[in-house]
Amino acid sequence: MSKSKKEGGGKWINMIGLAVLVVCYAGAIWNVVKAKRQESRADVIRVVHWQLELGVRDGLASLIEDFEALKAEQGQSVEVVQIPIPEGAYNQYVTTQLIGGTAPDMIQIGKFPVEYLGRYFYPLSNKLQKPNPFLGERLAELNQKSERSEVEETQRTLLETLAPKAWMDTFNDGLRGQFVPEFQEYFGVGFSTFTVRMYYNKNLFLKVLGHDRPPASFEELISFSEAIKEYGEEHSISLLPIASSKYQAEVFRNRYLGEITSDLDRLWDLDHSGEMDGVESLMAMLRGEHTPWNPQYRAAMDVVQSLASFFPRGFMSMGREDSGFAFVQGKAGMITSGSWDALSYLKKIQDQPVENRFEVGIFDLPSISLTHPEYGIYADGRLSEASAGTGFAFGITRFTSNFDLCVEFLQYATTPEMNTHVNEIAGWIPVITGAIPKEWLKNFQPNIVGYVGNIRFEVLGGGKVKLREDQVFWPLISGDTDYETYASELWSSLPAEAATDFKRLYEGSRESIPNRQARKSAYLANVVFGGQDPQNRAVNEIQLQRSLQPLLLFKTTQKKMDRMLELTLEDAPEDERSVEFNQEFFKALEREMSQ
Amino acid sequence: MAKDISLKQVVTYWPLYLFVLPSALLVATFSYFPAGSALYHSMFRWNGNTINIYIGASNFQKALGEPLYWVATLIITMVMIFQSQRKTRFATGIKILCGLGFPLLNMIVIMRINLLGTLTMGNALLPALIWVGIWLLLAWIIDQDNELRTVFRYTVFLFGFSHIGTSMGLYSNFAWSLSFLLAGFALWMLSSGVRKIHKLDGLRIFQALGGVGVMVWSLALHAGGEVALWSGFSVISVLVVANLVKMLPSIATAVVINRLKSESANYWYRVMFVIPMIIPGIVILLIWKFFFESAGLFNLVLRETGIMHLIYLFDFWTENGVFIATGQAATLSIPAVLELASTAAPSWLGSPDLVLSAFILWGFPWVGVVGVLIYLAGLQSIDQSIYEAADLDGVGAFGKFLNIELPLILTQVRINLVLMIIGTLQMYGMIVILLGDSGGPNGKMMVPGLLMYRSAFVEGYAGYACAIGLVIFFLILVLAEINNRFVRVEK
């Protein structure tokens with residue numbers, strides 16, 4: 001080949017790379033232009049959430065499809081984009097998006113500080129106090145029909161009651177679960193509610209125990225677990241009585257700590273707010289009452305440890321998915337989780353080979369009976385699930401340019417029909433009055449009657465005390481340390497950690513006042529300059545009044561905390577351990593406050 | 001070689017600098033601006049949302065404790081580093097201050113706050129035997145003429161004496177201070193009266209740096225700073241040493257591939273090493289998490305290969321209580337221990353005693369793809385004539401590695417070393433994925449990077465997180481400066 005031809009061939013080869021680059025770049029530009037054109041033609045709203053459980057995205061996708069079709073019929077081009085984010089990264093994602101000013105139109109509320117709601121989200125109280133227009137439209141549509149089916153007649157009867165009601169009153173709990181007391185506002189509208197239950201392998205129960213009924217008491221839970229464990233050992237099969245991970249261990253801890261210590265929660269709730277807050281928890285520690293050696297606390301931890309003996313080794317380093325796998329593969333007798341995992345478990349069991357499939361039963365975690373020889377003396381009874389209010393809630397961010405469209409979307413999603421539809425696909429419990437849950441979800445209906453509260457070592461949510469307690473709880477529950485070591489390690493580090501958390505609480509209560517002042521000013525401005533519309537003025541007057549309440553609350557918080565400290569010092573304990581705790585705490589607090 | 005030009009010439013040739021401008025702007029925006037922002041926000045109680053209150057150096061005080069001690073130590077350290085290569089009286093004085101003064105001061109402070117510990121001679125036997133053994137082994141391996149002979153002896157003395165002291169019950173910081181003081185006394189005071197000590201100046205500089213290190217360690221423990229931060233640094237230092245050792249398999253692999261006679265085989269081995277790079281790191285991490293489960297592959301391999309039995313026997317003899325509870329060990333015989341080991345399934349990520357070991361062991365056999373390729377590139381630039389000359393001299397395979405290959409890839413090793421230290425100091429992502437943001441059992445793996453992440457995103461104290469970040473930055477800066485000045489590659 002001649003040199004020039006060779007050189008020419010070399011040049012062509014060099015051009016290939018450049019051509020590929022140009023083509024890819026052009027393709028990328030075209031995609032961006034196409035997306036921008038789409039946005040300019042349609043109203044686009046973005047919805048972000050962290051629910052990656054089976055069925056949820058499908059349920060939302062179906063809702064979105066129906067909503068887009070409805071708006072298309074009305075002559076409006078709307079596109080709703082669903083953005084699922086993994087739970088572990090959700091907090092970071094939302095934080096950076098909100099602070100960066102690039103947040104989507106609607107965000108699932110949760111996993112970020114409550115302060116973000118006031119700053120970045122529109123309050124929805126005004127909208128929620130008016131009827132849901134979709135209910136009225138549907139009722140009108142049904143009334144116009146001369147002949148109605150049985151289903152439509154039932155619907156019409158329901159809507160006659162619901163349609164005139166305020167939107168928030170169409171929820172089973174009146175949307176109480178989404179009320180934010182710090183702001184006296186509602187910021188979110190939810191689609192589902194959740195409770196926690198135990199799932200069990202009926203086939204395995206039949207094989208091991210000779211029956212497939214669930215345990216009726218805590219004692220039976222222990223004895224069934226022991227039987228499954230012995231069966232596995234006798235037959236040399238890897239069999240777990242209870243599949244568990246760190247996630248499930250927390251569920252058991254919360255439940256049984258509550259059952260045994262809820263009376264202490266009421267006793268130590270000094271301001272009778274209904275629950276023991278961080279400051280009251282600290283006061284109880286300083287009084288020498290709230291210690292790891294408190295017999296009730298000890299008893300509760302013993303209960304959890306006795307259950308943990310049936311968990312897999314190293315469960316604290318396992319994730320929720322690992323324990324779920326063990327259960328659906330038939331390697332475990334029981335597992336606890338929420339209703340959010342129900343559909344996932346059922347589907348995955350069906351995906352197993354035929355010989356490995358089994359029937360799933362569901363039961364509530366059995367309470368410790370009052371006649372239990374060891375723990376009955378401390379047990380109050382079952383806990384109430386009244387707090388299982390509306391969840392899976394979305395708020396509308398202030399970055400949206402389609403506020404009304406977002407509200408419409410939420411209103412559409414919370415009609416009985418659509419709420420049933422979404423939750424049917426997701427396998428979750430609906431929250432709208434008249435929405436019908438799936439038959440097998442009836443076991444998840446919340447039990448309202450019961451006690452509330454539990455005692456935890458926590459002064460500030462997500463603070464140092466809670467972190468330390470989580471860290472030392474891990475080896476205790478795994479069986480790597482004994483209780484005395486756990487108690488000593490926890491107690492010795494608590495004074496310094498509690499001082500840090502207390503200082504942050506103290507500062508937080510003072511610094512939150514400017515935020516409330518700003519809100520108060522906004523309402524005041526609306527009252528004074530809000531125009532002649534009497535309804536608008538009346539609403540703003542109510543908001544102004546309500547906004548004064550948290551201000552008073554937070555203005556007195558520091559005084560309350562100071563007074564509580566004084567009372568505690570007056571009632572100081574005399575035992576050596578508590579005296580030392582007090583001394584260390586106040587020394588650390590002095591150091592913190594001086595910084 | 002770049003040519004120096006005057007400012008007038010820069011003005012004349014300004015269009016050329018336009019080519020640099022985009023990169024400079026990007027670096028300024030995405031590197032320098034965030035750094036500047038972190039420096040700014042570290043002086044505020046900032047929740048990442050609204051800047052609340054200017055608090056000056058409070059965040060640093062919380063992390064470090066009494067700032068005056070740290071500032072003084074930092075100044076003296078930097079002066080020492082800058083003066084290290086000089087032979088003036090001032091430079092010598094600074095080195096003596098760091099080499100002898102700091103350990104002596106440290107010992108006095110520790111004695112005053114009564115952290116000496118209680119001496120128990122019994123536990124010193126095994127460490128003493130080990131270190132004497134190492135001493136004798138080195139004496140046998142190393143030639144009499146080797147200039148580094150004194151360096152090895154000095155290092156063995158330091159580690160050995162400190163280990164023995166700590167085993168005897170002395171507070172570890174005190175034991176190390178005493179080691180540095182005694183070793184420093186020998187170097188500074190006795191050196192003139194004894195036969196020539198090779199590399200004396202280098203040893204004195206090392207002694208001075210060690211003295212500073214001991215002082216920094218003491219400040220970390222007793223200056224009133226964040227305990228979690230400094231215990232995290234101690235975990236990081238273990239990981240740095242482990243990662244240093246884990247660099248060796250990559251070097252060995254590169255050498256083996258380089259020595260393949262067949263070019264085709266050489267090529268295919270390189271391709272095989274590159275292909276796994278497409279697997280995301282998190283996938284490998286999650287697979288290792290699966291391995292580390294009690295019923296996982298790791299325990300199975302240990303049991304089947306008999307390593308689990310050795311581990312249990314060692315734990316039984318030393319009464320560490322990691323695998324066999326201390327009380328239980330007293331009632332067991334060796335056959336019983338072996339029986340226990342044959343069904344053992346320890347939780348590597350769930351136990352505070354084992355989790356650090358798990359983080360050291362993960363990634364076995366530690367053949368890093370990027371490292372292999374970098375070393376291979378360096379090895380392939382070695383001329384074949386050097387190997388031929390070595391063959392003629394009768395140099396063996398290991399000799400070729402020590403005398404030809406390793407010296408000629410030291411530049412790459414040094415770069416990787418720096419990157420490894422920086423990466424290890426900053427690490428936290430792996431821990432979040434494997435153990436969550438609480439740092440694992442008993443908070444054992446709460447490293448500074450994780451503490452920084454938790455402060456910012458969980459506790460909402462982004463200003464404090466910025467301060468922690470700057471502390472890590474300064475530490476990396478000091479280590480990088482030490483590396484630049486003292487770790488030289490002779491070309």
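Being a predicted model, the structure only gives us computed values, none of them experimental.
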When rounded to the nearest 0.5 angstrom, what is the spacing between [atom1] in [X] and [atom2] in [Y]?
| X | Y | atom1 | atom2 | answer |
| --- | --- | --- | --- | --- |
| A/Gln471 | B/Met445 | CD | CE | 12.5 Å |
| A/Leu467 | B/Met446 | CG | CE | 4.5 Å |
| B/Ser438 | A/Met316 | OG | CE | 7.5 Å |

[atom1] of [X]: more than 12 outside heavy atoms within 6.0 angstrom?
| X | atom1 | answer |
| --- | --- | --- |
| B/Phe233 | CZ | yes |
| A/Tyr483 | OH | yes |
| A/Gln329 | CD | yes |
| A/Tyr231 | OH | yes |
| A/Lys331 | NZ | no |

If I measure from the heavy atoms of chain A, does [X] come under 4.5 Å with its side chain, its backbone, both, or neither?
| X | result |
| --- | --- |
| B/Ile55 | neither |
| B/Tyr453 | side chain |
| B/Phe292 | neither |

Fill in: Per-residue contact mode, A/Thr500 against chain B (heavy atom under 4.5 angstrom)
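The answer is the side chain of A/Thr500.
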Practice prompt. Look at B/Gly56, B/Ser294, B/Ser351, B/Ala345 and state which one has the largest set of heavy-atom pairs under 4.5 Å with chain A.
Written response: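 Highest number of pairs under 4.5 Å: B/Ser294.
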Worksheet item: In terms of heavy-atom pairs under 4.5 Å with chain A, which of B/Leu349, B/Asn442, B/Ile433 leads?
Response: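 Going by pairs under 4.5 Å, I would pick B/Asn442.
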Can you tell if the side chain of [X] reaches within under 4.5 Å of the side chain of [Y], non-hydrogen atoms only?
| X | Y | value |
| --- | --- | --- |
| A/Ser478 | B/Pro441 | no |
| B/Glu226 | A/Lys464 | yes |
| B/Leu435 | A/Trp474 | yes |

Worksheet item: Between B/Glu293 and A/Gly314, is there a donor-acceptor pair closer than 3.5 Å when you use the side chain of the first and the backbone of the second?
Response: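 It does not hold such a pair.
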Practice prompt. Tell me, out of A/Arg468, A/Lys111, A/Arg313, who's got the most heavy-atom pairs with chain B below 4.5 Å.
Written response: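 Between A/Arg468, A/Lys111, A/Arg313, the count favours A/Arg313.
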Item to complete: List the atom of B/Gly350, the atom of A/Asp480, and the distance in Å for their closest heavy-atom pair.
Response: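 Reported closest heavy-atom pair: O-OD2, 3.4 Å.
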Worksheet item: Applying salt bridge (charged side-chain N to carboxylate O under 4.0 Å, His left out), which residue pairs with at least one partner in residues 434-456 of chain B are found, sequence neighbours left out?
Response: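 Non-adjacent pairs meeting salt bridge (charged side-chain N to carboxylate O under 4.0 Å, His left out): B/Asp437-B/Arg454, B/Arg454-B/Glu459.
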